[in-house]
Amino acid sequence: MEIVSIAFDGSNRSGKGLQIEMLSSYLEKKNIPYLVVRGDGSREKNNVLEKTLPIWWEKMNLQLHSNNNLDEWNIAACKLAEELVHSKKNILPKIIQENNADAGVLLIDRSILSRAVLVSEQIQNFTIDDLYPKYFFEKGKNLTVWDVLPDVIFFLRASKEVLLSRLNEDDSKYHFRKKIIEEKSDYYNQVIDLFPAIIKSRISIVDATRDPSQMHGEVCKIIEKTIAPFLF
């Protein structure tokens, strides 16, 4: 059984959610089972994962979006890392078996790039060992960046001006998203340079100023070149 993990990363309004939806449709047409999980940030309702800590996430989301407590964001990141590993080892394999398939895809909304942007606020020249602090996990648990590292990371890159122009003032999270874009969008290129070559080699930069269908076409071409042998 093969499991391939594909992450979409980048600042708010770079188009991650839409690209995940488009790739999900692509995988469905290819009869390839998949599961969408959150890799960093906060987690909204997930019908597959909701049995795990639903009340905890409801409370945590309120805290995360009402203040900028870095410790709480670190705790959330580590919880998401645990969920990602559990999904890859337990939930997705069951979905693959139920569909009588030989392979499946874990689609990740935000990944170690977003995580590194947050950590860079605390540690200027961070290393990958700083991304998931051991003391945030329960006793006996220890996850590292290698446990959650996707096989392919699509960094959807667009300028701050373009990202801000896509915001909707009627959005309940308008001010939160605006603040994140203004304060963090420029850091994505910088943190990539701090990653070791083995991680950089998995990152593909996609021009997020283009039409979503053009972006999707490029994503599919990269997938077909890099990981298609494991899926088809």
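The structure presented is a predicted model; accordingly, all values stated were derived computationally and were not measured.
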Which residues share a salt bridge (charged side-chain N to carboxylate O under 4.0 Å, His left out) with Glu121, sequence neighbours left out: Lys184
Main-chain N/O of Asp102 paired with Glu2 side-chain donor or acceptor, under 3.5 Å: no
Salt bridge (charged side-chain N to carboxylate O under 4.0 Å, His left out) partners of Arg115, counting only residues at least two apart: none
Taking the side chain from Asp9 and the backbone from Ser114, do they hold a donor-acceptor pair closer than 3.5 Å? yes
For Arg210, what residues pass the side-chain hydrogen bond (donor to acceptor under 3.5 Å, both in side chains) criterion, not counting sequence neighbours? Glu218
Can you name the residues that form a salt bridge (charged side-chain N to carboxylate O under 4.0 Å, His left out) with Glu182, not counting sequence neighbours? Lys178
Taken in chain and number order and not counting sequence neighbours, the residues that satisfy side chain to side chain contact (heavy atoms under 4.5 Å, CB included) with Val36 are Ile20, Ser24, Tyr34, Leu107
Going by the rule salt bridge (charged side-chain N to carboxylate O under 4.0 Å, His left out), which residues pair with Glu21 if we only count those two or more places apart in sequence or in a different chain? none
Tell me whether Arg110 contacts the main-chain N or O of Gly41 through its side chain, where contact means a donor paired with an acceptor under 3.5 Å. no
Any pair counted as ring-ring contact (aromatic ring centres under 6.0 Å, His included), so long as it reaches residues 179-217, sequence neighbours left out: Phe155-Tyr188
Output all residues satisfying side chain to side chain contact (heavy atoms under 4.5 Å, CB included) with His175, sequence neighbours left out; order by chain, then residue number. none
Test your reading of the model: is there a side-chain donor-acceptor pair from His65 to the backbone of Asn61, 3.5 Å cut-off? yes
Using links of under 4.5 Å between side-chain heavy atoms of ILVMFWY residues, direct or through other members, which residues join Met22 in one cluster? Leu18
Sorted by first residue and then second, give each ring-ring contact (aromatic ring centres under 6.0 Å, His included) pair with at least one member in residues 121-150; sequence neighbours left out. none
Asp186: which residues meet the side chain to side chain contact (heavy atoms under 4.5 Å, CB included) condition with it, sequence neighbours left out? Lys160
Asn100: what forms a side chain to side chain contact (heavy atoms under 4.5 Å, CB included) with it, not counting sequence neighbours? none
